[in-house]
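The structure under discussion appears below in the form of C-alpha cells.
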There are 2 protein chains.
Amino acid sequence: MPRPSTTADVFSAIAEPRRRQIIDLLSRRRGVAVGTIVMLLGLPQPAVSKHLGVLRAVGIVSVSKQGQQRLYELNLEQLRPVYDWVKTFDQYWERQLDRIRAKAERRARELSSATGKTTRKKGTT
Amino acid sequence: MPRPSTTADVFSAIAEPRRRQIIDLLSRRRGVAVGTIVMLLGLPQPAVSKHLGVLRAVGIVSVSKQGQQRLYELNLEQLRPVYDWVKTFDQYWERQLDRIRAKAERRARELSSATGKTTRKKGTT
DNA sequence: TTGACATATTCCGTAAACGGAATATAATCC
DNA sequence: GGATTATATTCCGTTTACGGAATATGTCAA
C-alpha cells in the first residue's frame, strides 16, 4: 500500500504544490471560477479541474454552479488536522523564536560593548 | 511528473501517517534508537529504517552513532515550511474559534433567559 | 437545433511510493 | 576469526499519482 490516496487524506492532498497554490488563491478570494484559476496559475484547464477534483474529494473546497461556470471556495476547516498536528510543536516553535531573539539581543549587547574599541578588520580570525 | 518526491519535499514526506507517528514519537524523546521505534510502533524493522531514511533525506531527523545503535532525533526546524503555510490561515482559525465561542455564549444566554420559562419540547419548530 | 464557451472526464504513459522478503553492512562479544 | 545484534539496503510486485491530449458534458444564446 502506497501513501494514503490524495482523494482520501488531507495530508496527501496538500502534498501537491499546485494544490497548495490553488488553496492559497482561494483563501484570498471566494467564489472563484475555474477559468480564473487557470489564468492566474497558468496551468492547463484539465489539470486545474483535476486538482480541484482532489480538493473536492477531501472536502477542502466546495463548488456552486453559476451559469456555465463553477465557483469554488475554500472549506478551511477540513484543513484542521494539519493545523492541529503542526500546532503540536508550537512549544518548539516558540522556543526557536526565543533562541533567535536571545541571539539578537546578545549581538546587540556585544555591539554596544564594542563601541569605543577599535574595529576589527574583516577577515581577521 | 507525479508529486514531488518524498525525499525532496517536506510536505510529501509528512504525507505518510507512519512517518508522522515517528515524528510524534521523536518529539517526545530525543536520541531514540531504531529498535525502540520498531518496538513502540510495531512495524517491521526495514520499514522503519526506510521511513527514517526519507525523514533523514528531507532533514527532519538526524542520526548519531552510539555503539551499534543509531540514535535519531528531531530536527523540527525543517518542518517550518509546513508550519508557516498553515499559519497563513491563522486568521481563519481564530475566526472559527470566535464563532464557536460566540455560539456557546449565545447558547448560555438562551439557557439563562429560558430559566423560568417552560422548556420547549424537542422537535418543536 | 446549432454553435460557442466553461468545465469535467477518460485514456495513456511514465515515474514513484510503499510493503515484504531477503540480504548486506557494521559494531560487539567470544 | 566466527557468531550475534542493530540497522540499512536491495529487489520485486502492486498501486497510485500526475501530466497531456483528446473527448465528453453541460450551459447559454441565437
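Keep in mind that the numbers below use all heavy atoms, side chains included, and drop hydrogens, waters and symmetry copies. Chain letters run A, B, ... following the sequence lines, proteins first, then strands; residues in each count from 1.
For the helix from C:dT1-D:dA30 to C:dC30-D:dG1, the angle separating the two terminal helix axes comes to 10°, with each axis derived from five pairs and the value rounded to 10°.
For the pair A:Tyr72/A:Leu55, no side-chain contact is recorded, criterion being any heavy-atom separation below 4.5 Å from C-beta on. Two residues are said to be in side-chain contact when any heavy atoms from C-beta on lie closer than 4.5 Å; A:Glu16 and A:Arg20 fail this criterion.
Of the candidate nucleotides D:dG26, C:dA17, D:dC18, D:dG26 has the atom nearest to the side chain of A:Arg70. Looking at the side chain of A:Ala33, the nearest of the listed nucleotides C:dC11, C:dT7, D:dT9 is C:dT7. Ranking C:dC18, D:dA17, D:dT9 by closeness to the B:Ser49 side chain, first place goes to D:dT9. Each of C:dT9, C:dA22, C:dG19 was ranked by its minimum atom distance to the side chain of B:Pro46; first place goes to C:dA22. Candidate nucleotides D:dT7, D:dC18, D:dT9 were compared by shortest atom distance to the side chain of B:Val34, and D:dT7 ranks first. Ranking D:dT7, C:dT7, D:dT27 by closeness to the A:Gln68 side chain, first place goes to D:dT27.
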Pair B:Ile23-B:Leu26, side-chain contact (heavy atoms from CB on, under 4.5 Å): steps then yes or no: CA-CA 5 Å; B:Ile23 292 175; B:Leu26 291 180; 5.8 Å; no
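Straight-line distance from the CZ atom of B:Phe11 to the C1' atom of D:dA17: 18 Å, rounded to whole Å. As a whole-Å value, the separation of A:Met39 CE from C:dC5 C1' is 15 Å. Here C:dT9 presents its C1' atom at 11 Å from CZ of A:Arg56, a figure rounded to the nearest Å. Atoms CG (A:Leu43) and P (D:dA21) sit 14 Å apart, rounded to a whole Å. Put simply, NZ on B:Lys65 is 14 Å from P on C:dT25, counting in whole angstrom units. Put simply, CG on A:Leu52 is 16 Å from P on C:dA6, counting in whole angstrom units. Separating the CD atom of B:Gln66 from the C1' atom of D:dT5 is a distance of 15 Å, rounded to the nearest angstrom. Protein atom CD of A:Gln45 is 17 Å distant from nucleotide atom P of D:dC18, rounded to whole Å.
Residue-level contact check: B:Gln69 touches the backbone only, with heavy atoms under 4.0 Å from sugar-phosphate atoms and none from bases. Using a 4.0 Å heavy-atom criterion, one finds that B:Pro44 contacts the sugar-phosphate atoms exclusively.
Partners of A:Val58 according to the side-chain contact (heavy atoms from CB on, under 4.5 Å) rule, which considers only residues two or more places apart in sequence or in another chain, are A:Val10, A:Ala13, A:Ile60.
B:Arg18 and B:His51 are not linked by any side-chain donor-acceptor pair at a separation below 3.5 angstrom, with hydrogens and angles left out of the test.
Between A:Tyr72 and C:dA6 there is no side-chain N or O to OP1 or OP2 distance below 4.0 Å. Between B:His51 and the phosphate of C:dA17, there is no side-chain N or O to OP1/OP2 separation shorter than 4.0 Å. For the OP1/OP2 pair of D:dC18 and a distance below 4.0 Å, the side-chain nitrogens and oxygens of A:Arg18 include no atom meeting the criterion.
Shown here for A:Asn75 and A:Ser62, the closest heavy-atom pair between the two residues is ND2-OG, 3.4 Å.
With hydrogens and angles disregarded, a donor-acceptor distance shorter than 3.5 Å links the side chain of A:Thr88 to the backbone of A:Trp85. When atom types are taken as modelled, the side chain of A:Ser27 and the backbone of A:Asp24 share a donor-acceptor pair closer than 3.5 angstrom.
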